[in-house]
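Report on the following structure.
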Amino acid sequence: MNIHDSKLKSVEQRASSFQSSPLSCPYKPRLSRPWQPSSVWRLFPRQNAAIAFTQHIKQDVHLFSLEKEGSDAGQRIFLVTSYSELWHYYSSR
């Protein structure tokens with residue numbers, strides 16, 4: 001058996017092991033308290049899309065208006081998140 005065959009066999013074995021035991025679900029950031037609901041941090045370019053999102057989500061979230069950096073005065077984006085999450089990221093800056 002040459003080196004190419006042994007590497008191919010090694011890769012195939014790893015691939016089958018990953019298929020039999022896949023990686024866990026994608027990482028979702030949470031606040032420091034595990035009993036808090038999962039993180040919601042969504043940016044929207046239009047206010048009506050942000051309002052529609054807040055009406056359909058089951059968590060207690062709020063809508064914040066932010067001015068875009070480096071854009072014309074008055075141009076805004078809209079953030080949907082909870083007060084605790086906003087404060088967590090704001091205070092860590």
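What you see below is based on every heavy atom in this structure, not just the backbone, and it leaves out hydrogens, waters and symmetry mates.
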Where do Trp41 and Thr81 come nearest, in terms of heavy atoms and distance?
CE3-OG1, 3.5 Å

If you measure from CD1 on Ile77 to CD on Gln75, what distance do you get to the nearest 0.5 Å?
9.5 Å

When rounded to the nearest 0.5 angstrom, what distance separates OG in Ser17 from CD in Glu12?
12.0 Å

If you round to the nearest 0.5 Å, how far is CG of Asn48 from CZ of Phe53?
14.5 Å

For the aromatic rings, using the six-membered ring if either is Trp, is the centroid distance between Phe78 and Phe64 under 6.0 Å?
no

Please report the shortest heavy-atom distance between Val40 and Gln59, naming the atom on each side.
CG2-OE1, 2.8 Å

Could you go through Leu63 and Ile51, starting from their C-alpha distance and side-chain angles, then the distance that decides it, and tell me whether this counts as side chain to side chain contact (heavy atoms under 4.5 Å, CB included)?
CA-CA 7 Å; Leu63 175 62; Ile51 291 170; 3.7 Å; yes

Mark yes or no for whether Ser82, through its side chain, and Val61, through its backbone, hold a donor-acceptor pair below 3.5 Å.
no

OG of Ser10 to CG of Asp5: how many Å apart, nearest 0.5 Å?
12.5 Å

Would you say the side chain of Leu86 lies within less than 4.5 Å of the side chain of Leu79, judging by non-hydrogen atoms?
yes

